[in-house]
Amino acid sequence: MDSQQRINVSINSEIGKLQHVLVHTPGRELERITPENAHTFLFSDILNMQVAQKEYGYFKRVLQKAAKVHEIGDLLTDILQEENVKYGLVDRICRTEEKGFMASYLKALPAADLSRQLIEGVYLDDITFINHEKSALTPVPNLFFMRDASFAMFDNIMISNMATQVRARECMILDAIYNLHPLFETKVINPVLNYDIHGIGTVEGGDVQIIRDDVVLCGLGARTNMHGVEALVEHLKTKPGVKHLIFQELPLTPDSFIHLDMVFTMLDVDKCMVYKPVIMNSAFKTFHITVDGQKAIGKDTPDMLCALREVGIDLEPVYCGKGDETFGAREQWHSGCNFFCLAPGQFVGYGRNQHTLQALNNAGFNVVTAADVVNNKYDLASGKKCIIAFEGNELSRGGGGARCMTMPVERLAVDW
C-alpha cells in the first residue's frame, strides 16, 4: 500500500470533521445468541440479523457520505494473507481461550474464511471432528460495538482491557490489525498493560471521550475501574503540555449505564447531550485531574459540565427525553444519549427516541432522515446543523447506539 494512503491517526475531539472510521457490519454471529447464552454474551435480548443488517446498512451509508469507512472483517482478511500473522494470531487466540485443539483447523483455512470464523465462531457443523462442546470456538457478537475494544486518543490507538473475558478476542483481533495492517500510521498502546502496576485495571472505549487536545473525559463504573483511570493518567503524563482528565462516576446498574457515552455525548462546540439524572446528580461524583509533566493534581467538582467550564469549554446541555423523568428513562435505555458526530453540529442517532429528537430540534438542530442523506435529498456539505436519524428498533436492542458502533481514527481539527 502506498504510504500516502496511510491513516495518520489523529483524534483530538469528539466532533471534528470525520475523515476515517472503522466499523463492523453485524453478521451471522448474531444468530449464535440464544436465550440460554445471551447473558454470557452481555446481551439482554436476541436480535434478528436480517433486520439489524438492514438498519445498519443505512447507518453505514450515512457514514460513507461523510468519510472513508473501513470494515474490520476486510482489514482482518488483509493481514491474515501473511502466514506468520495467521499462525501468530491463531496461536494467541487458542492459547488465551484454551482451544488448542482448534489451532490446526483454523490455520488451514484461507484468509477470508478464517477472518469470518474468528468473528462468527466455529461450530461442530463446520468441522469434521467431535468435541464435547457445541461451540468449538465461540462467536464475538459484540464486535459491531466497535468503540469498546479500542479507542483513539490523540495520535495513539489504545487497546482496551475489557471488564469481561468474553470480549477479549475482539482486543486481540484489533491489536493485530492496528499493529500489522499497512493502513495505520500510529503507535498502539494498551494502557493497562503499560501503566497499571497492579494488572487489574479495566478500561473500555465507550467510557473515554476526547473533548479537546488537552481534555479527556472518562466514565468510572461497571466497565472501567479506578485502576484503568489511573493508567490513562499515567499515559497523559507522557504527552507534552498540561492535560486534564475528568472522570465521572456512573451507576453500576442497570446495563444501560455501562459506559459514559450512554449518558453524555458531544454534539457541537457549544452543545452536548446529557442524561440529567446521572450527569446533573451530586450522588455520582465528578473528579478533575490536572496532569502537568509527572505531576497529577486532583479535585472534586460539582459536575462534569462545571469541570469543563473550568478548562474553557462552556456547553449548553440538551436533555435526553426533553428532561422528562419518564421519557428520559425510556429513551436513555435505547441509547437516547448516544450520538456520533460527522462534523461539528452534524451527528447521527436513533430515530426511535422522539422526545430527544424534539429537544434537539428545539436546540437548533434540523431533524433529517438517513434515507434523505443516502438518497442525496439532504446535503451534508451544506454545513447546516442537523441530527441524522436512522431506524434502529432492532439495533438498539443490542444495548448501544451510533457512537458505540464506530471507531473513528482520524478527524480534522476543531476551531474552538
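Values in this document were obtained by computation on a predicted structure and should not be read as measured data. Counting begins at 1 with the first residue of the sequence.
Not a single donor-acceptor pair under 3.5 Å links the side chain of Asp148 to the backbone N or O of His259. Side-chain atoms of Glu394 do not come within 3.5 Å of backbone N or O of Ala52 as any donor-acceptor pair. Under the 3.5 Å distance criterion, the side-chain polar atoms of Lys271 are left unmatched by any main-chain donor or acceptor of Leu360. With hydrogens and angles ignored, the 3.5 Å screen pairs a side-chain donor or acceptor of Asn338 with a backbone N or O of Cys404. For the pair Asn281 (side chain) and Ala283 (backbone), a donor-acceptor distance under 3.5 Å is present. Judged by distance alone, with hydrogens and angles left aside, the side-chain atoms of Asp196 form a donor-acceptor pair with the main-chain N or O of Ile200 at under 3.5 Å. Looking at Asn190, its side chain does come within 3.5 Å of a backbone N or O of Leu193 through a donor-acceptor pair. The backbone N or O of Thr265 sits nowhere less than 3.5 Å from a side-chain atom of Arg403 that would complete a donor-acceptor pair. Asp292 contributes no side-chain N or O that, together with a main-chain N or O of Val242, makes up a donor-acceptor pair within less than 3.5 Å. With hydrogens and angles disregarded, a donor-acceptor distance shorter than 3.5 Å links the side chain of Arg397 to the backbone of Ile46.
Here the CD1-CG distance, from Ile211 to Asn12, works out to 12.0 Å after rounding to the nearest 0.5 Å. Within the model, atoms CG of Asn393 and CG of Asn48 stand 12.0 Å from one another, a figure rounded to the nearest 0.5 Å. Distance CD1/Ile177 to OG/Ser115: 7.5 Å, rounded to 0.5 Å. Here the CD1 atom belonging to Ile159 is positioned 7.0 Å from the CG atom belonging to Asn179, to the nearest 0.5 angstrom. Considering CG of Leu395 and NE2 of His334, their distance stands at 12.0 Å, rounded to 0.5 Å. We find the CZ-CG distance between Phe284 and Leu220 to be 12.0 Å, quoted to the nearest 0.5 Å.
The two residues Gly27 and Gln53 come nearest to each other via the heavy atoms CA-NE2, 3.7 Å. When every heavy atom of Ala363 is checked against every heavy atom of Val318, the shortest pair comes out as CB-CG2, 3.8 Å. For the residue pair Ala231 and Pro191, the shortest heavy atom distance occurs at CB-O, 3.5 Å. In terms of heavy atoms, Asn156 sits closest to Thr186 at CA-OG1, 3.5 Å. The shortest non-hydrogen separation linking Met146 to Leu22 is CG-O, 4.0 Å. The heavy-atom pair separating Thr301 from Cys306 by the smallest distance is OG1-SG, 3.8 Å.
For Tyr275 and Phe264, the ring centers sit 6.0 Å or farther from each other.
Under a cutoff of 6.0 Å and an axis angle of 45°, Lys243 and Phe154 form a cation-pi pair. The side-chain tip of Arg61 points at the ring of Tyr58 from less than 6.0 angstrom away and within 45° of straight on.
Around atom CG of Asp255, no more than 12 heavy atoms belonging to other residues, nucleotides or ligands sit under 6.0 Å away. By the 6.0 Å contact criterion, CG on Asn362 is enclosed, its count of non-hydrogen atoms from other residues, nucleotides or ligands being greater than 12. By the neighbour-count criterion of 12 heavy atoms within 6.0 Å, atom CD of Glu120 is densely surrounded, having more than that number from other residues, nucleotides or ligands.
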Problem - Steps toward side-chain hydrogen bond (donor to acceptor under 3.5 Å, both in side chains) verdict (Gln248, Thr286) - result: CA-CA 5 Å; Gln248 173 67 48; Thr286 308; 2.7 Å; yes

Practice task
Show the numbers, then the answer: is there a salt bridge (charged side-chain N to carboxylate O under 4.0 Å, His left out) between Glu234 and Lys237?
Solution key: CA-CA 5 Å; Glu234 291 303 309; Lys237 289 180 179 178; 2.9 Å; yes

Practice task
Could you please spell out the steps behind the side-chain contact (heavy atoms from CB on, under 4.5 Å) verdict for Arg169 and Leu137?
Solution key: CA-CA 11 Å; Arg169 194 190 313 154; Leu137 194 71; 3.5 Å; yes

Exercise for the section: Apply the test side-chain contact (heavy atoms from CB on, under 4.5 Å) to residues Phe43 and Asn142: give CA-CA distance (whole Å), side-chain angles for both, the deciding distance (0.1 Å), then the verdict. Expected result: CA-CA 9 Å; Phe43 282 81; Asn142 290 282; 3.4 Å; yes

Exercise for the section: For the pair Ile388 and Lys65, evaluate side-chain contact (heavy atoms from CB on, under 4.5 Å) and give the outcome as yes or no after the intermediate values. Expected result: CA-CA 12 Å; Ile388 304 150; Lys65 290 290 184 180; over 6 Å; no

Exercise for the section: Check the pair Asp91 / Lys107 against side-chain contact (heavy atoms from CB on, under 4.5 Å), numbers first and verdict last. Expected result: CA-CA 9 Å; Asp91 284 340; Lys107 289 176 180 178; 2.8 Å; yes

Practice task
Kindly indicate, with the supporting measurements, whether the criterion salt bridge (charged side-chain N to carboxylate O under 4.0 Å, His left out) is fulfilled by Asp268 and Lys385.
Solution key: CA-CA 9 Å; Asp268 203 346; Lys385 310 291 186 184; 2.8 Å; yes

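A donor and an acceptor atom, one from each side chain of Arg223 and Thr202, are nowhere located under 3.5 Å apart. Under 3.5 Å, the side chains of His24 and Glu170 contain no donor-acceptor pair of N or O atoms.
Looking at Val229 and Phe287, their side chains never come closer than 4.5 Å, going by heavy atoms from C-beta outward. No side-chain heavy atom of Arg330 sits under 4.5 Å from any side-chain heavy atom of His355. Residues Ser335 and Met262 meet the side-chain proximity criterion, which asks for heavy atoms closer than 4.5 Å. The shortest side-chain heavy-atom distance between Phe340 and Met405 does not fall under the 4.5 Å cut-off. For the pair Ile33/Leu47, no side-chain contact is recorded, criterion being any heavy-atom separation below 4.5 Å from C-beta on. Using a 4.5 Å cut-off on side-chain heavy atoms (C-beta onward), Ile93 and Leu89 make contact. Considering only heavy atoms from C-beta on, Met273 comes within 4.5 Å of Cys337 through its side chain. No side-chain heavy atom of Asn37 sits under 4.5 Å from any side-chain heavy atom of Thr138.
With sequence neighbours left out, the ring pair (Phe, Tyr, Trp, His ring centres under 6.0 Å) criterion links His198 to His227. In this structure His20 satisfies the side chain to side chain contact (heavy atoms under 4.5 Å, CB included) test together with Ile7, Lys68, His70, Val409, Glu410, sequence neighbours excluded. For Lys60, the side chain to side chain donor-acceptor pair (under 3.5 Å) criterion is met by Glu71, not counting sequence neighbours.
For the pair Arg352 and Glu55, the salt-bridge criterion is not met [side-chain N within less than 4.0 Å of a carboxylate O]. The pair Asp213-Lys239 does not meet the salt-bridge criterion, since no charged nitrogen lies less than 4.0 angstrom from a carboxylate oxygen. Here Glu83 does not pair with Lys86 in a salt bridge; the nearest charged N to carboxylate O distance is not below 4.0 Å.
Relative orientation of the Phe184 and Tyr178 rings is perpendicular, given thresholds of 30° and 60° on the angle between their planes. Below 30°, between 30° and 60°, or above 60°: for Phe339 and Phe347 the angle between ring planes is above 60°, a perpendicular geometry.
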